[in-house]
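Working notes, structure below.
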Amino acid sequence: MMLNPDAHFMARALKLAEKGIYTTDPNPRVGCVLVKDDKVIAEGWHQKAGSVHAEIDALNKIVNAIGATAYVTLEPCSHIGKTGPCCEALIAAGVKRVVVAMQDPNPLVAGRGLKKLQKAGLIVDCGVLQQDAEDLNKGFIKRMSTGLPFIRSKMAMSLDGRTAMASGESQWITGIESRADVQRLRAESSVILTGINTVLADDPSLNVRFAQDVTQPIRVVLDSHLRTPLTARMVDLSGQTWVLTCSEDQRKIINLENAGFQVFHINEVEGQLDLTAVMLFLGQQQVNTVLVEAGAILNGNLLNANLVDEWLVYMAPCILGDQGRGLFHLPAMQAMNDKKQFNITAVRRIGSDLKLIFRA
């Protein structure tokens, strides 16, 4: 006999939701399990934006759901979008109880679905494995509650804190296992963001390279003065490549657009892109998560602006020497009182490297 059947079946629903981790953007990842007499009678998950929601996917797989309990990782929707309201579908199917991990984070709709179910006479319980559900949709939750995406910055360094040799050579500091983990992080992200200096130095691809079904993240270059080469490798790859700029040079803009880039104008601060405005713009474009892959200057500016939610550092067991390049460019820091303090939230070994996760 299960000690806690609600937690058991919700954990199963969360596993289903994880199947959409690379494909549901800008929608949340959601799973649903239908249970009757302590037995699973149907399962469903949201596969991609525009497809049926998890509850409908599960209901479509059975003839009779009368008297069942539905375990859903996110509050069933009560509004009409690209698909009909899931609340009404559950009610019409004769479901008697709905167990929800968390409320919809959208302040305009949060709680409405639960109230509609209760008004129809269904038993509703909310908050089962809530933290797990929130962890699965950090970006969606943050965008809905603040208008900003969830922002991670990924860096690789040696034991002595260097990201590259003095010449700029950096391939490869970390091992193959860490680089594979980065591909997974890219696939989970809505946007991969870098700065123009990285583009000029490395001509990166910034795409996802593995066999699973993946919606390629949007590649975003922060380029205040439109120095992006028309021949940059990333523009020839599948998916979208955006250049965000504060320049109004129409000739350069037209040339970039003709080459395949999408160019967007963002407000400036002292002649450089306003990073807060950049992130607000991305949130307005329904971007849930941003993965930053950039150099010391952009990471230093993001740190000073307090915009990054999570710092990911892959540390390799090697030494690059005191002439190597550092993680952050922070010239204003002169005294110990200026130091930036972080909290370590996780440490994990990946191959021969360590993956460190920090929050400011």
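Side-chain contact, N197 with R227: a donor N or O sits under 3.5 Å from an acceptor N or O. Side-chain atoms of D353 and S178 form a donor-acceptor pair, as typed in the model, at a separation below 3.5 Å. Of the N and O atoms on the side chains of R325 and T163, not one donor lies less than 3.5 Å from an acceptor on the other residue. When only modelled atom types and interatomic distance are considered, S190 and D25 share a side-chain donor-acceptor pair under 3.5 Å.
For residues 57-74, every residue pair satisfying the salt bridge (Lys or Arg N to Asp or Glu O under 4.0 Å) rule, not counting sequence neighbours, is listed here: D57-K61. Sorted by first then second residue, the salt bridge (Lys or Arg N to Asp or Glu O under 4.0 Å) pairs that include residues 270-299, not counting sequence neighbours, are K154-E293, R186-E293.
V191 and L307 fall within a single hydrophobic cluster, where Ile, Leu, Val, Met, Phe, Trp and Tyr side chains are chained together by heavy-atom contacts under 4.5 Å. One hydrophobic cluster holds both M155 and L298 under the rule that ILVMFWY side chains link at heavy-atom gaps under 4.5 Å. Both V313 and V292 sit in one connected hydrophobic cluster of ILVMFWY residues. Membership requires side-chain heavy atoms under 4.5 Å apart, directly or through other members.
Inter-residue side-chain proximity for T69 and L34 is flagged as unmet; no heavy-atom pair is nearer than 4.5 Å.
How far SG of C32 is from CG of L90: 6.5 Å, rounded to the nearest 0.5 Å. Rounded to the nearest 0.5 Å, atoms CE (M102) and CD1 (I141) are 3.5 Å apart.
More than 12 non-hydrogen atoms from other residues, nucleotides or ligands lie less than 6.0 angstrom from CG of L200. Around atom NZ of K15, no more than 12 heavy atoms belonging to other residues, nucleotides or ligands sit under 6.0 Å away. More than 12 heavy atoms of other shown residues, nucleotides or ligands fall within 6.0 angstrom of atom NZ in K36.
Relative ring orientation between F264 and F281 is described as tilted, the plane-to-plane angle lying within the 30° to 60° band. Using the six-membered ring where Trp is involved, H46 and H53 have ring planes that are perpendicular, over 60° apart on the 30 and 60° scheme.
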side-chain hydrogen bond (donor to acceptor under 3.5 Å, both in side chains) assessment of N343 paired with R359: CA-CA 5 Å; N343 294 312; R359 292 199 174 188; over 6 Å; no

